[in-house]
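Note that ligands are numbered from 1 as they come in the structure, with each ligand's atoms numbered from 1 the same way. Start at 1 with the first residue, then count along the sequence. These figures come from a predicted structure and were not determined experimentally.
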Amino acid sequence: MDLVLKLKQNKDLSDEEFLHLLNTEQYDDALRIAADEVRRSVYKDEVFLRGLIEFTNYCRNNCYYCGIRGGNANVERYRLSKEEILECCKEGYSLGFRTFVLQGGEDMTYSDEEICEIVRSIKKLYPDAAVTLSIGEREYESYRKYKEAGADRYLLRHETATDSHYRKLHPSELSLEHRKNCLYNLKELGFQVGAGFMVGSPGQTMENIVADFRFLQELKPDMIGIGPFIPHKDTIFKEEPAGSLELTLRILSILRLMFPYVLLPATTALGTIAPNGRELGLKSGANVVMPNLSPKRFREQYALYDHKICTGEEAAECRKCLEVRVQAAGYRIVNDRGDVKR
Ligand code: 5AD
Ligand code: FES
């Protein structure tokens with residue numbers, strides 16, 4: 001049987017079959033068409049928005065690929081106060097956003113109580129909005145408090161499910177085991193969870209990507225964030241090539257076929273390596289976009305990689321621009337929380 005049809009029907013393939021799909025471009029059209037069929041059968045033409053608030057670029061970690069790693073002395077650091085965060089939410093809410101993603105480096109100067117207070121304030125002002133946290137690896141007890149404060153979702157990309165590859169991307173203080181554990185804890189606590197990885201990160205093999213698929217099958221996340229690796233000038237990977245558009249799109253389609261219900265963002269990184277990257281992502285199975293609601297003056301300081309898009313845009317302009325782009329791609333932005341459909 002045709003591999004794409006088999007994947008669509010079984011939502012799974014053997015390792016060898018996945019490798020074959022990953023290694024050739026011959027199935028790309030069929031993959032994209034099948035993925036779009038599946039996405040439309042579950043989500044119609046709906047695209048969900050997440051308003052991303054990058055509230056701190058301080059980070060205690062030193063992931064080798066990341067532009068805001070703690071050891072990078074060339075970054076001008078900033079933190080948003082609760083009031084500044086609420087200001088972003090206010091503008092976002094008026095633009096139709098019903099999910100706010102609070103993302104930051106692992107900045108321990110915000111206590112659990114402060115994070116909870118921020119979450120409670122947002123939920124009180126905008127009870128019909130979902131709050132997503134993306135603040136890295138924390139203790140079970142901290143996650144529990146965030147949930148109790150009203151946080152609905154948590155994004156924590158696993159980055160790679162293969163230990164040896166994880167070691168190439170991270171210093172020795174960090175471990176894949178701990179990161180996976182965090183994801184399982186978050187699930188157990190009842191968060192809607194997002195995992196994910198970069199495509200084409202240094203040292204990544206197709207076998208690693210198959211291992212990512214297997215890990216995702218085990219975790220069963222509600223969201224899977226994938227985007228191309230893009231080198232940052234202040235990292236040891238500055239001379240490494242960026243991940244490819246074609247492979248990222250191929251993986252998006254495979255993921256849509258494996259996980260028909262999953263929330264799949266067309267990421268900013270995808271829009272950075274190609275001018276129409278996010279549109280192509282939507283056409284390949286993605287159903288979420290995450291524009292920036294952070295204050296314009298800080299955007300450039302949250303550069304995880306070089307040449308990041310939308311660093312000079314007002315939230316309102318970005319919203320309008322996306323409206324047009326999503327429509328032109330054949331989809332429609334809806335202003336609701338955009339919960340996973342199971
Ligand atoms: N290129 C692409 N994505 C990156 N991220 C971090 N650094 C880079 C980079 N250089 C991704 C990581 C992280 C997410 C917030 O951004 O996967 O989890
Ligand atoms: Fe930000 Fe187009 S999406 S300006």
Side-chain angles (χ1 to χ4, degrees), residues 47 49-57 59 61-69 72 75 95 97 101-106 132-137 154-161 165-166 169-170 174 179 182-183 194-202 204 212 223-245 248 265-273 275-279 281-282 289-294 296 299 302-329 333:
V47 169
L49 288 185
R50 313 306 196 204
L52 189 61
I53 303 171
E54 297 157 337
F55 72 99
T56 171
N57 70 349
C59 190
N61 292 333
N62 256 302
C63 305
Y64 300 145
Y65 46 84
C66 183
I68 64 162
R69 70 200 168 77
N72 184 5
V75 191
L95 291 170
F97 289 87
V101 181
L102 299 180
Q103 186 166 86
E106 290 195 12
T132 304
L133 291 175
S134 181
I135 55 176
E137 298 178 32
Y154 205 102
L155 305 182
L156 183 73
R157 289 189 178 178
H158 63 283
E159 310 298 357
T160 172
H165 185 221
Y166 197 88
L169 300 176
H170 303 93
L174 295 171
R179 201 161 179 90
C182 287
L183 282 163
F197 57 93
M198 292 176 285
V199 174
S201 61
Q204 185 184 53
D212 289 320
M223 182 185 256
I224 303 174
I226 64 153
F229 160 77
I230 303 173
H232 186 285
K233 60 184 182 340
D234 298 326
T235 67
I236 56 166
F237 293 142
K238 59 171 174 269
E239 305 290 349
E240 296 287 328
S244 91
L245 173 68
T248 307
T267 56
T268 304
L270 189 56
T272 298
I273 56 161
N276 58 342
R278 287 173 300 177
E279 289 89 329
L282 292 174
V289 235
M290 302 177 66
N292 210 313
L293 288 181
S294 321
K296 223 174 92 169
R299 301 261 179 99
Y302 203 89
L304 305 180
Y305 43 80
D306 291 335
H307 313 299
K308 194 173 168 204
I309 52 170
C310 299
T311 51
E313 312 296 333
E314 296 289 358
E317 295 172 64
C318 234
R319 175 69 180 74
K320 192 80 208 119
C321 166
L322 273 176
E323 186 83 48
V324 174
R325 285 165 174 263
V326 167
Q327 284 245 357
I333 292 177

Are [X] and [Y] close enough that some pair of their side-chain heavy atoms sits under 4.5 Å apart?
X	Y	value
Asp212	Gln204	yes
Leu322	Arg278	yes
His232	Asn72	yes
Asn62	Tyr64	no

Spacing of [X] atom [atom1] and [Y] atom [atom2] [to the nearest 0.5 Å]:
X	Y	atom1	atom2	value
Phe97	Arg319	CZ	CZ	6.0 Å
Asp234	Asp306	CG	CG	7.5 Å
Leu183	Tyr154	CG	OH	9.5 Å

Can a donor-acceptor pair be found between the side chains of Asn292 and Glu313 at a distance below 3.5 Å?
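Side-chain D/A pair, Asn292 to Glu313: absent.
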In terms of heavy-atom contacts, Ile226 and Thr248 come closest through CD1-O, 3.9 Å
Sorted by chain and residue number, the residues with a non-hydrogen atom under 4.0 Å of ligand 1 are Tyr65, Cys66, Arg157, Glu159, Met198, Pro228, Phe229, Ile230, Leu304, Tyr305
message: My understanding is that only one of Arg299, Lys308, Lys296 makes a salt bridge (charged side-chain N to carboxylate O under 4.0 Å, His left out) with Glu54; could you say which?
response: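 Of all the options given, the one that passes is Lys308.
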Under 4.0 Å between heavy atoms, the region of Arg278 that gets near ligand 2 turns out to be side chain
Under 2.8 Å from atom 1 (Fe) of ligand 2, protein N/O/S atoms total 2
